Peer 1: 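Quick one: the structure is below, and I'll ask about it shortly.
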Amino acid sequence: MSAQPLAQPLAEAAASVASPAHPLAQQLGHPLAASAASLVQSVDWLAVAPPLIAAVVALGVLVADLFLPESRKNVLGWISVAGLAAAALMLLPLLDGDRATFCLTGNGTGTGAGPGSLTGAPRACSYTADHFTLVIQLLVLGGALLAALLSITTLDDDRRRVPSGEFWFLLLSATAGAALLPAARDLATLIVALEVASLPAFALVGIRHGDRRSAEAALKFFLSSVTATAVSLMGVSFVYASTGTLYLTQVAQRLPDTPGQLHTLAQTGVVLTLIGFAFKTAAVPFHFWVPDTYVGAPLPVAAYLSVVGKAVGFSGLILVTVVAFPSYADVWGPALAVLAALTMTVGNVGALRQQATRARSAVRLLAWSSVGQAGYLLVPIAAAGYAKDAQKAIGSTVAYALMYAAVNLGAFAVAAVVGRGRAGNRISDYRGLYATNPVTALLMAFFLLCLAGLPPGIIGLFAKVTVFSAAVGAGLGWLAVVMAVNVVIALFYYLRWTALLFRAPEGEIVRHRIPAPLTAAITLAGVAGVALSGAPQLVLRFAATGLF
């Protein structure tokens, strides 16, 4: 017998029951109608504007690349820079108050306390633009903007091996994912944003045609990130199975009340999720991909990964620990403290061992230095597991990240200048830089002293003292001692590089003209570093006020 004659009556019956006028629907409180209504979401376009603009410009650049002749490809770079600047400017209207969208029915959308609010009633939303989100998005978009300025010159110099359209599409796509991640307030959106930020970065690392080193770096980066994603997804699935929700605030509420038979599953999910994000932050022992990836990638991509890539990992780690897993602070607090000690020690010792005459030793030192800096960034997050005021501890990490982003991008910009004349980019190539480019040498010295935490880099000193205070205030005296020892180790290689800038040059002095995009990048990084050094207390106040 054919099923066709039965289809129409069944459909009519289902529609009748779903109708609000049907007695059964009235008795059940219109559940089907309510379910249909819950599918309708009002989108706060202003809240989602920063990552959305980056994504739209990425698609526009990819399409424009099809119609532009080879001689006009450099226009794509300036379009990308303009798009990133526009996305950053869209943060200004969001300063008025927290905004949230894609919320569960009954929680509402629009302005008000964010879903991760520590003061108001939490709301289950997938996207929120609170103070924490805006600070990290400022870091991400600002870092991507400086990396884009570096990339314009690099693409002009290496146009045959780096396709312009694909490069700018990948850079903007990765930036869109990185800007989305700090706003994510459910585990699904968090993982999706993490992958949108990571997948284009694999291709960016290996985008140079015919470069074996670049391909090897991309493969190492890909394998490590895929492993991290697999571990994170396993952890998220366990957390969802034990709590029945993906929203961070609801996870935080339900984890302490997990039934006994699911307790082990919940613990395993928390641990696996933390391990996955530890990969993304390049914490030891998950750091092995960093030096080779930075050396093999185009220099602007290495600069991007050192700042924006790090911001992605740390913002995700903050969200899962402080917002989603506060009840497991006794687990992730000690674990992150140990990871912080190992990461800063291994990173600084690795940087200390770099030989000045080794090819690409300057970039390799910056890579190992970024691992050490990741250790410092982990300290306040670990302290948040012990401290009564977790928000203040997290504010120390955000303030340190802002300082690190400005000065580290400046150091990479100077490395790009030196690399134009010396392809090997050895540390020894920086000898006598003051004689050939005095302003560039002075800025490089300032950037290195900021990273070391010495005057006149006041912001570097201030940031390290803030992180040190967070460790002491949380009762982690042993971690503060480890940090102090590592700061002394880092002083040696930073000062050794700084002194080299002012030594007498070897051979004939050759002056090179610095392209305008590189000049703009160095200038912006220098202005940001000087401004932050001039008012360091404002940085911490801005970073720590009302984060969640």
Side-chain angles (χ1 to χ4, degrees), residues 88 91 95 116 118 130-143 146 182 281 306-308 310-319 321-323 336 340 343-344 369-370 372-385 387 389-410 446-447 449-474 476 479-480 483-484 486-487 490 525 527-548:
L91 297 175
L95 295 176
L118 299 180
D130 56 14
H131 194 74
F132 172 79
T133 300
L134 299 184
V135 173
I136 300 299
Q137 286 182 342
L138 173 64
L139 191 158
V140 166
L141 296 171
L146 288 179
T281 59
S306 72
V307 172
V308 180
K310 199 171 262 59
V312 167
F314 277 96
S315 57
L317 185 62
I318 289 170
L319 289 174
T321 52
V322 177
V323 179
L336 292 182
T343 302
M344 67 177 75
S369 167
S370 74
Q373 299 288 346
Y376 301 144
L377 287 165
L378 282 171
V379 171
I381 306 178
D389 188 358
Q391 189 164 228
K392 183 178 180 181
I394 296 303
S396 301
T397 289
V398 175
Y400 196 99
L402 288 171
M403 177 281 300
Y404 170 76
V407 298
N408 200 63
L409 282 169
F446 174 72
F447 296 142
L449 292 176
C450 282
L451 290 171
L454 289 177
I458 302 299
I459 186 60
L461 175 62
F462 180 81
K464 282 186 168 57
V465 170
T466 301
V467 171
F468 189 85
S469 300
V472 173
L476 295 173
L479 185 57
M483 180 180 174
N486 276 278
V487 168
V527 169
V530 171
L532 294 176
S533 294
Q537 72 281 1
L538 296 179
V539 178
L540 182 61
R541 192 178 306 163
F542 173 72
T545 303
L547 278 181
F548 299 107

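Remember, it's a predicted structure, so these values are computed and weren't measured experimentally.
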Peer 1: Taking all atoms of both residues into account, what is the closest heavy-atom pair of Pro380 and Ala393, and its distance?
Peer 2: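 For Pro380 and Ala393, the tightest heavy-atom pair comes out as CB-O, 3.0 Å.
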
Peer 1: Distance from Leu141 atom CG to Leu91 atom CG, nearest 0.5 Å?
Peer 2: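 So the CG of Leu141 and the CG of Leu91 are separated by 6.0 Å.
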
Peer 1: Closest heavy-atom contact between Val307 and Leu139?
Peer 2: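 Heavy-atom minimum between the residues: CG1-CD2, 3.8 Å.
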
Peer 1: Roughly how far, to the nearest 0.5 Å, is CG of Leu532 from CD1 of Ile458?
Peer 2: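 Rounded to the nearest 0.5 Å, the CD1-CG separation comes out at 12.0 Å.
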
Peer 1: Kindly give the heavy-atom pair with the smallest separation between Lys464 and Cys450, and that separation in Å.
Peer 2: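 Closest pair (atom of Lys464, atom of Cys450, distance): NZ-O, 4.4 Å.
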
Peer 1: Working to the nearest 0.5 angstrom, can you tell me the gap between Thr466 OG1 and Tyr400 OH?
Peer 2: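 Spacing of OG1 (Thr466) from OH (Tyr400) equals 10.5 Å.
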
Peer 1: To the nearest 0.5 angstrom, please state how far the OG atom of Ser533 sits from the CZ atom of Phe462.
Peer 2: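 Here the rounded value is 11.0 Å.
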
Peer 1: Which pair of non-hydrogen atoms, one from Lys310 and one from Ala374, has the smallest distance, and what is that distance?
Peer 2: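 In this case the closest contact between Lys310 and Ala374 is CE-CB, 3.9 Å.
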
Peer 1: Decide side-chain contact (heavy atoms from CB on, under 4.5 Å) for Leu317 and Thr321; before the verdict, give the C-alpha distance in whole Å, the side-chain angles of both, and the deciding distance to 0.1 Å.
Peer 2: CA-CA 6 Å; Leu317 185 62; Thr321 52; 4.2 Å; yes

Peer 1: Which atom names give the shortest non-hydrogen contact between Ala384 and Val322, and what distance separates them?
Peer 2: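 Scanning both residues completely, I find the closest heavy atoms to be CB-CG2, 4.3 Å.
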
Peer 1: Check the pair Phe447, Asn408 against side-chain contact (heavy atoms from CB on, under 4.5 Å), reporting the backbone distance first and the verdict last.
Peer 2: CA-CA 7 Å; Phe447 296 142; Asn408 200 63; over 6 Å; no

Peer 1: Let me confirm one number: the CD1-CD1 distance from Ile318 to Ile394, rounded to the nearest 0.5 Å.
Peer 2: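 Reported value, rounded in 0.5 Å steps: 4.5 Å.
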
Peer 1: Looking at every heavy atom in both Val308 and Gly143, which two are closest together, and how far apart are they?
Peer 2: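 Heavy atoms only, the tightest pair is CG2-C, 4.0 Å.
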
Peer 1: Determine the sole option in Ile136, Leu378, Val398 for which the side chain to side chain contact (heavy atoms under 4.5 Å, CB included) test with Phe314 is passed.
Peer 2: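 With Phe314 as partner, Ile136, Leu378, Val398 yield a single side chain to side chain contact (heavy atoms under 4.5 Å, CB included), made by Leu378.
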
Peer 1: Would you give the length of the straight line joining atom OH of Tyr376 to atom CG of Asn486, rounded to the nearest 0.5 angstrom?
Peer 2: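 Between Tyr376 OH and Asn486 CG, I get 5.0 Å after rounding to 0.5 Å.
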
